[in-house]
Amino acid sequence: MAETSVAVASSGSSSSRSSRGASTPADNYILARRRTLQVVVSSLLTEAGFDSAEKAAVETLTEMLQSYLTEVGRSAKSYCEHTARTQPTLPDIVVALIEMGFNLDTLPLYAKRSQRMVITAPLIAGQNKPHPAHIPGHLPEFPDPHTYIKTPTCREPVADYQVLREKAASQRRDVERALTRFMAKTGETQSLFKDDTSTFPLIAARPMSIPYLNALLPSELELQQVEETDSSEQDDQTDNENLSMHLQADESGNEKENSSVLQQNSMKGSEETLIDNPYLRPVKKPKLRRKK
């Protein structure tokens with residue numbers, strides 16, 4: 001069959017609706033419905049013998065199909081509400097199609113056509129939740145469970161001692177291999193084979209004039225420990241000096257307070273007698289003892 005194509009100018013509403021992004025749940029729902037209609041239009045074009053179609057043509061036919069279905073639903077709803085009902089029935093749809101000029105006699109033959117393409121239903125995960133007692137039955141059903149039920153993806157931490165030891169050993173081995181390859185690529189290497197220097201590279205040994213010098217020099221860990229002990233001794237020395245200065249200042253302050261209290265008591269002793277009550281005695285600050 002020779003390739004043919006359909007080119008029809010798209011309407012302004014369809015182009016603006018397709019170009020506008022869906023940001024709300026209502027927009028996403030409308031976009032999903034429109035994509036389903038596009039699949040239906042594409043299948044109808046395939047049944048009609050078309051091998052390809054332009055995007056503008058598919059959008060135009062989708063807009064026409066959507067408008068036709070919307071008008072059928074609106075008319076059926078009008079007849080349904082005219083008879084004091086809330087849910088449309090088959091006679092309401094039949095009357096709506098007759099009013100729109102549709103020949104119902106051609107519908108059975110079209111449904112039994114040989115080139116009919118069946119569109120598979122979308123994948124449904126789980127069972128839809130029924131309405132509770134306080135929600136009326138004429139409202140839409142709940143969406144599929146996978147749209148609002150979350151599934152945890154984290155794994156439980158492994159607490160087995162043997163598994164942890166094996167994992168730590170494998171990580172250490174991988175780190176050693178990575179460091180060895182890095183040093184082999186960046187530094188001097190020696191090969192086991194004279195012809196092929198890239199196979200089994202070995203890190204070249206650097207000879208030293210004094211080989212036992214590393215054994216005599218302190219390691220980095222020992223130097224760090226010595227620095228920590230020196231800093232701790234300096235901190236203790238400064239703390240002791242600050243403590244002695246505070247003690248001297250407290251002692252001098254206590255002596256001044258005691259002398260002032262004695263002078264006041266001696267001046268008031270002539271006028272009134274002092275009450276021998278321990279709760280009325282002047283407060284004395286405790287002396288701080290220096291830690292040895």
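Numbers here simply count residues along the sequence, with the first being 1.
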Nearest 0.5 angstrom please: Gln115 CD to Ser43 OG, how far?
13.0 Å
Same cluster for Tyr79 and Val72 if Ile/Leu/Val/Met/Phe/Trp/Tyr side chains link at under 4.5 Å?
no
Which atom pair, heavy atoms only, marks the closest approach of Ala96 to Ala76?
CB-N, 3.9 Å
Between the CD atom in Glu141 and the NE2 atom in His131, the distance rounded to the nearest 0.5 Å is 6.5 Å
Can a salt bridge be assigned to the pair Arg173 and Glu176 using a cut-off of 4.0 Å between side-chain N and carboxylate O?
no
Could you pull out all residues at least two apart from Glu166 that satisfy salt bridge (Lys or Arg N to Asp or Glu O under 4.0 Å)?
none
Can you tell me if CZ on Arg85 sees more than 12 non-hydrogen neighbours from other groups inside 6.0 Å?
yes
Dump the intermediate steps for side chain to side chain contact (heavy atoms under 4.5 Å, CB included) on Glu54 and Glu59, then the final yes or no.
CA-CA 9 Å; Glu54 294 183 1; Glu59 288 291 338; over 6 Å; no
State the CG-CD distance between Leu61 and Gln66, to the nearest 0.5 angstrom.
13.0 Å
If you group Ile, Leu, Val, Met, Phe, Trp and Tyr by side-chain heavy-atom gaps below 4.5 Å, do Ile93 and Val95 land in one group?
no
How far apart are the closest heavy atoms of Thr62 and Gln38, and which atoms are they?
OG1-CG, 3.6 Å
Report whether Met117 and Leu109 are members of the same hydrophobic cluster (ILVMFWY, side-chain heavy atoms less than 4.5 Å apart, transitive linking).
no
Within 6.0 angstrom of Gln171 CD, more than 12 heavy atoms from elsewhere:
yes
For Arg172, is the CZ atom crowded, meaning more than 12 foreign heavy atoms sit under 6.0 Å from it?
no
Can you confirm whether more than 12 heavy atoms, excluding those of Met100, are under 6.0 Å from its CE atom?
yes
